[in-house]
Amino acid sequence: VQLVESGGGLVQPGGSLRLTCVVSGLTFSTYSMSWYRQAPGKQRELVAAIRSSGDRPVYADSVKGRFTISRDNAKNMVYLQMNSLKPEDTAVYYCNPYGTSDWGQGTQVTISL
């Protein structure tokens, strides 16, 4: 299984980023997918998840109303649209197929003036 996250970067507070994760090596359309993040000195936390069908997304309370998870089963991709970014969103973001221990290298998101 290979997971390749991209789209991170340095943005100012209030800005937006769109993260992309390309998945290979498994039947993508049958897996729920999640985005996690890990800030320095903190444990990895769940940010958002989406079912294999693309419905019923769930979000951490800290990102509700600001982040949107989506997926394209034809392209084996999962996305995380992040708006109204805050300094506390700074972290390395990872995607993960539900129920697996497969992780990519992550993509760094830094929110700072």
Side-chain angles (χ1 to χ4, degrees):
V1 177
Q2 188 172 22
L3 304 156
V4 180
E5 301 95 341
S6 63
L10 171 64
V11 298
Q12 294 185 352
S16 297
L17 285 172
R18 188 193 194 207
L19 306 184
T20 298
C21 174
V22 181
V23 183
S24 59
L26 52 73
T27 307
F28 179 77
S29 62
T30 67
Y31 280 82
S32 296
M33 292 294 300
S34 301
W35 281 98
Y36 284 78
R37 67 186 180 188
Q38 187 166 20
K42 294 188 177 181
Q43 288 190 327
R44 194 169 294 186
E45 63 173 351
L46 178 67
V47 175
I50 189 168
R51 295 174 64 172
S52 58
S53 58
D55 63 351
R56 299 188 182 181
V58 295
Y59 299 95
D61 287 344
S62 58
V63 307
K64 277 181 183 176
R66 301 188 298 122
F67 290 12
T68 302
I69 188 172
S70 61
R71 65 190 294 159
D72 186 336
N73 285 346
K75 296 182 178 180
N76 285 14
M77 291 183 177
V78 60
Y79 309 99
L80 187 67
Q81 178 66 43
M82 307 188 296
N83 299 328
S84 303
L85 284 161
K86 304 176 180 180
E88 51 263 44
D89 295 318
T90 296
V92 179
Y93 284 71
Y94 303 88
C95 64
N96 170 254
Y98 180 78
T100 76
S101 56
D102 299 309
W103 301 94
Q105 82 291 345
T107 186
Q108 176 70 49
V109 171
T110 303
I111 312 304
S112 180
L113 291 171

Checking one residue: Y93. Which other hydrophobic residues are in its cluster under the side-chain 4.5 Å linking rule?
V1, L3, V11, L17, L19, V23, L26, F28, Y31, M33, W35, V47, I50, Y59, V63, F67, I69, V78, L80, M82, L85, V109, I111
Provide the full list of salt bridge (charged side-chain N to carboxylate O under 4.0 Å, His left out) pairs with a residue in residues 88-99, sequence neighbours left out, each pair given once.
R37-D89, R66-D89
Could you work out, with salt bridge (charged side-chain N to carboxylate O under 4.0 Å, His left out) as the rule, every residue matching K64, not counting sequence neighbours?
D61
Residue pairs, two or more places apart or on separate chains, that pass salt bridge (charged side-chain N to carboxylate O under 4.0 Å, His left out) and touch residues 67-79:
none
Scan for side-chain hydrogen bond (donor to acceptor under 3.5 Å, both in side chains) pairs involving residues 48-58, sequence neighbours excluded, and state none if there are none.
S53-D55
For Y36, which residues count as a ring-ring contact (aromatic ring centres under 6.0 Å, His included) partner, sequence neighbours excluded?
W103
Those residues that, when tested against S29, pass side chain to side chain contact (heavy atoms under 4.5 Å, CB included) (two or more places apart):
T27, N73
In short, disulfide (SG to SG under 2.5 Å) pairs touching residues 31-74 with sequence neighbours left out are none
Could you name each residue pair satisfying disulfide (SG to SG under 2.5 Å) that touches residues 38-69, not counting sequence neighbours?
none
According to side-chain hydrogen bond (donor to acceptor under 3.5 Å, both in side chains), who are the partners of T90, at least two apart in sequence or on a separate chain?
none
Return each pair, listed once, that meets disulfide (SG to SG under 2.5 Å) where at least one residue sits in residues 55-113; pairs must be two or more places apart or across chains.
C21-C95
Of all pairs that satisfy side-chain hydrogen bond (donor to acceptor under 3.5 Å, both in side chains), the ones with a partner from residues 1-22, not counting sequence neighbours:
S16-N83
